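Here the structure comes first, spelled out in structure tokens, and everything after it is commentary.
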2 protein chains.
Amino acid sequence: MVTIADVARHAGVAPSTVSYVLTGKRSISPQTRSKVRESIRLLGYHPHAGARALASSRTNVVALVLPLRPGVHLPALMRFVTAAATTARKHEMDVLLMTADEGAQGLRRVAGSAQVDGFLMMDVELDDDRVPLLRQLPQPSVLIGRPAAVAGLTCVDLDFEAAGGRCVDHLADLGHRYIGFLGAPSVVYQRNTGSAQRAMAGFGAAAMRRGIASTALPADDDYESVLHSVRALLRAQPAMTALVVHNEAALGWVAGSLRVLGRRVPEDMAVVGICPDDLAEQLQLTSVQLPAEELGHQAVELLVARLNGQPVPPLTLLAPKLIGRASTAPRPRG
Amino acid sequence: MVTIADVARHAGVAPSTVSYVLTGKRSISPQTRSKVRESIRLLGYHPHAGARALASSRTNVVALVLPLRPGVHLPALMRFVTAAATTARKHEMDVLLMTADEGAQGLRRVAGSAQVDGFLMMDVELDDDRVPLLRQLPQPSVLIGRPAAVAGLTCVDLDFEAAGGRCVDHLADLGHRYIGFLGAPSVVYQRNTGSAQRAMAGFGAAAMRRGIASTALPADDDYESVLHSVRALLRAQPAMTALVVHNEAALGWVAGSLRVLGRRVPEDMAVVGICPDDLAEQLQLTSVQLPAEELGHQAVELLVARLNGQPVPPLTLLAPKLIGRASTAPRPRG
DNA sequence: GTGAAAGCGCTAACAG
DNA sequence: CTGTTAGCGCTTTCAC
């Protein structure tokens with residue numbers, strides 16, 4: 001194995017000089033620098049990661065903690081993961097993958113053994129039990145999602161409240177005056193899921209603000225339940241001409257349900273989803289996108305900033321973007 | 001930070017003793033062992049990963065190199081990843097995530113800096129340029145997929161040849177005598193993609209073996225192309241009553257194309273796919289599954305075996321499993 | 001069955 | 001601007 005001493009000898013300098021050329025932590029004369037660089041290249045030298053970590057207490061690795069509970073949209077998750085990995089590499093960092101099933105125990109292990117410089121944790125819910133632990137760890141962490149108390153943490157999330165509002169605004173601008181909201185399964189709300197509750201709240205508030213009549217119902221993931229909820233919405237508000245759907249699993253059934261109930265999309269009923277882009281694209285659905293890449297990128301940037309001792313805001317909310325597709329049209333005048 | 005010296009002092013033993021309790025590399029008296037264990041627990045000691053790697057030249061980390069080219073089925077990929085991660089943890093190992101876009105350069109970097117003990121590389125194709133490099137590296141590697149020359153490597157893959165054959169056998173057993181094969185886009189075959197070619201070869205050989213007339217065509221990923229290819233197949237072999245599809249992206253259009261051409265599934269035309277299970281389930285398609293979990297698990301087991309100096313076969317082929325669903329039925333007698 | 005001590009390869013004072 | 005050197009925390013001989 002080629003070590004820093006080999007490089008130093010080959011270049012006729014001290015090991016520390018080689019180290020400084022590599023880290024840039026002190027100024028080196030151009031001649032020395034290029035001499036050293038050349039030796040490094042010639043010998044094919046790569047600093048030993050373990051030795052470096054030991055001496056510098058920096059691993060240049062971030063842990064990425066993924067949720068793998070059923071129901072997460074895998075394509076969106078992968079988009080997030082690759083964005084995070086790519087951004088990490090831009091900062092000369094690597095990514096250690098942790099599945100959530102190791103729980104707090106796993107975090108303690110990885111943190112305790114100094115395997116990583118920081119943590120990225122996805123899909124954090126309001127009362128996640130790992131959050132208090134993260135606060136204690138010596139390594140900084142960035143959460144994707146939004147726990148109840150944000151103080152002392154760094155979180156990034158889509159602004160779900162604004163997302164709900166954005167859907168209403170889009171529909172209101174098209175002339176719709178009676179709008180329904182088809183939400184997640186009711187257990188999700190019982191479970192205190194932040195994104196679900198906030199999207200719903202944003203939807204309701206925007207409707208009030210615009211003087212629009214709104215009705216909301218949860219829906220389970222199966223056809224029966226979706227059909228039932230859509231029918232119930234229409235019964236509750238017969239003049240309804242638009243629907244906001246915040247339920248990925250239900251989306252596939254919505255068009256069918258509406259058809260069965262005699263409503264064409266978008267002529268009789270405009271539909272807006274809050275969902276990953278590929279799903280919306282596939283269903284030709286106007287939607288507020290879940291910005292997976294942007295979240296992954298931002299999360300890493302925030303973590304890197306914290307590692308460099310820079311101050312970062314406790315909560316970064318990404319503005320929702322609505323993409324118009326075939327499922328929305330101006331309200332039928334009649 | 002708690003070090004091994006702290007634990008040793010607390011337990012009244014030498015640091016080396018603590019180390020040996022942890023690694024089990026020499027016998028320790030039960031009393032000493034439990035004394036040490038207790039101190040470890042009390043102090044919340046975790047060995048420093050970097051220090052350990054430096055002293056032992058073992059990181060207990062494996063690199064997982066993922067393909068992120070367009071067209072890979074993300075849900076199946078994630079199933080593979082989690083299986084690999086879970087199996088790795090069973091062996092006290094962690095997983096470092098590498099995206100393929102770093103290419104050979106990235107492998108060299110990670111290998112050179114001794115960040116990992118070995119490599120897991122997914123979706124290797126016949127002429128992958130990173131394969132020769134992997135052979136040179138000091139760390140062992142396991143490939144998921146099957147490059148042209150397997151000597152000196154360790155590979156795991158689904159037995160695509162048997163998979164193609166299995167589809168034919170299933171259909172032949174149901175009485176079908178004229179079978180079509182709808183393959184990947186023709187560029188995939190031009191690109192020398194092993195799995196595509198082997199599935200096709202297995203299909204052809206099995207048909208010959210069973211005395212069945214077979215016809216094959218490639219298909220692109222869009223509706224037009226699929227419709228065109230299916231129509232061409234039917235024209236070439238009007239008596240065709242069954243279809244084997246090895247093209248994930250086309251699968252969604254197959255049923256529609258057949259309907260347009262006046263064939264009901266499965267009454268007029270039986271369909272078998274070679275595709276990830278969730279896709280097949282969703283389409284209610286009889287299929288040979290892509291055993292993502294099993295591949296991930298096996299790959300890690302093989303790598304661990306190699307790390308322990310155990311001999312492993314250069315090629316491990318997993319037997320295809322066919323799951324019967326609604327898309328196949330006995331041949332209509334008429 | 002246990003201890004003492006010599007590194008593993010690198011970084012970061014300290015010294016010039 | 002560069003060299004010398006003392007660790008970083010652990011494993012693993014060697015010695016008893």
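To find a chain, count down the sequence lines: A is the first, B the second, and so on, and within it residues start at 1. Computed from a predicted structure; not experimentally measured. Computed over heavy atoms, backbone and side chain alike; hydrogens, waters and symmetry mates excluded.
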Just to confirm, is there a sub-4.0 Å distance from OP1 or OP2 of [N] to any side-chain nitrogen or oxygen of [X]?
X       : N      : result
B/Ser19 : D/dT11 : yes
A/Tyr20 : D/dT4  : no
A/Thr32 : D/dC1  : no

>> Tell me the closest heavy-atom pair linking A/Ala104 and A/Arg130, and the distance in Å.
In response: N-CG, 4.0 Å
> Nearest heavy-atom pair of B/Asp117 and B/Pro140: which atoms, and what distance?
Replying inline: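 Heavy atoms only, the tightest pair is O-CD, 3.2 Å.
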> Closest nucleotide of DNA chain D for A/Gly12 versus for B/Ala5: which of these residues is on the 5' side?
Replying inline: A/Gly12
> Pick the nucleotide of DNA chain D nearest each of B/Lys25 and B/Leu54; which residue has the one closer to the 5' end?
Replying inline: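 Result: B/Leu54.
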Separation of atom [atom1] in [X] from atom [atom2] in [N], rounded to whole Å:
X       : N      : atom1 : atom2 : result
A/Lys35 : D/dG3  : NZ    : C1'   : 13 Å
B/Leu22 : C/dT2  : CG    : C1'   : 16 Å
A/Ile28 : C/dT11 : CD1   : P     : 12 Å
B/Asn60 : D/dC10 : CG    : P     : 14 Å
B/Tyr45 : D/dC10 : OH    : C1'   : 7 Å
A/His46 : C/dC10 : NE2   : C1'   : 16 Å
A/Leu43 : C/dG9  : CG    : C1'   : 15 Å
B/His48 : C/dG9  : NE2   : P     : 17 Å

> Taking atom CG of A/Leu295 and atom CG of A/Leu318, what is their separation to the nearest 0.5 Å?
Replying inline: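 Those atoms lie 5.0 Å apart.
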> Do A/Arg109 and B/His46 touch side chain to side chain, with heavy atoms closer than 4.5 Å?
Replying inline: yes
Can you identify which nucleotide, out of [options], has its nearest atom closest to the [X] side chain?
X       : options               : value
B/Ala51 : C/dT2, D/dT11, D/dG9  : D/dG9
A/Ser27 : D/dC8, D/dC1, C/dT11  : D/dC1
B/Arg52 : D/dT2, D/dT11, C/dC10 : D/dT11

> Could a donor-acceptor pair under 3.5 angstrom be found where the side chain of B/Arg26 meets the base of C/dT2?
Replying inline: yes
For [X], answer base if it contacts any base atom (sugar-phosphate contacts may also be present), sugar-phosphate if it contacts only those atoms, and nothing otherwise; contact means non-hydrogen atoms under 4.0 Å.
X       : answer
B/Ser56 : sugar-phosphate
B/Ser57 : nothing
B/Ser16 : base
B/Val18 : nothing
B/Ser29 : sugar-phosphate

>> With a 4.0 Å cut-off on N to O distance, would you call A/Glu38 and A/Arg41 a salt bridge?
In response: yes
>> Quick check on DNA chain C: between B/Val13 and A/Met1, whose nearest nucleotide comes earlier from the 5' end?
In response: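 The residue whose closest nucleotide sits nearer the 5' end is B/Val13.
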> Stepwise, does the side chain to side chain contact (heavy atoms under 4.5 Å, CB included) test hold for B/Asp94 with A/Gln115?
Replying inline: CA-CA 10 Å; B/Asp94 280 289; A/Gln115 279 201 92; 3.1 Å; yes
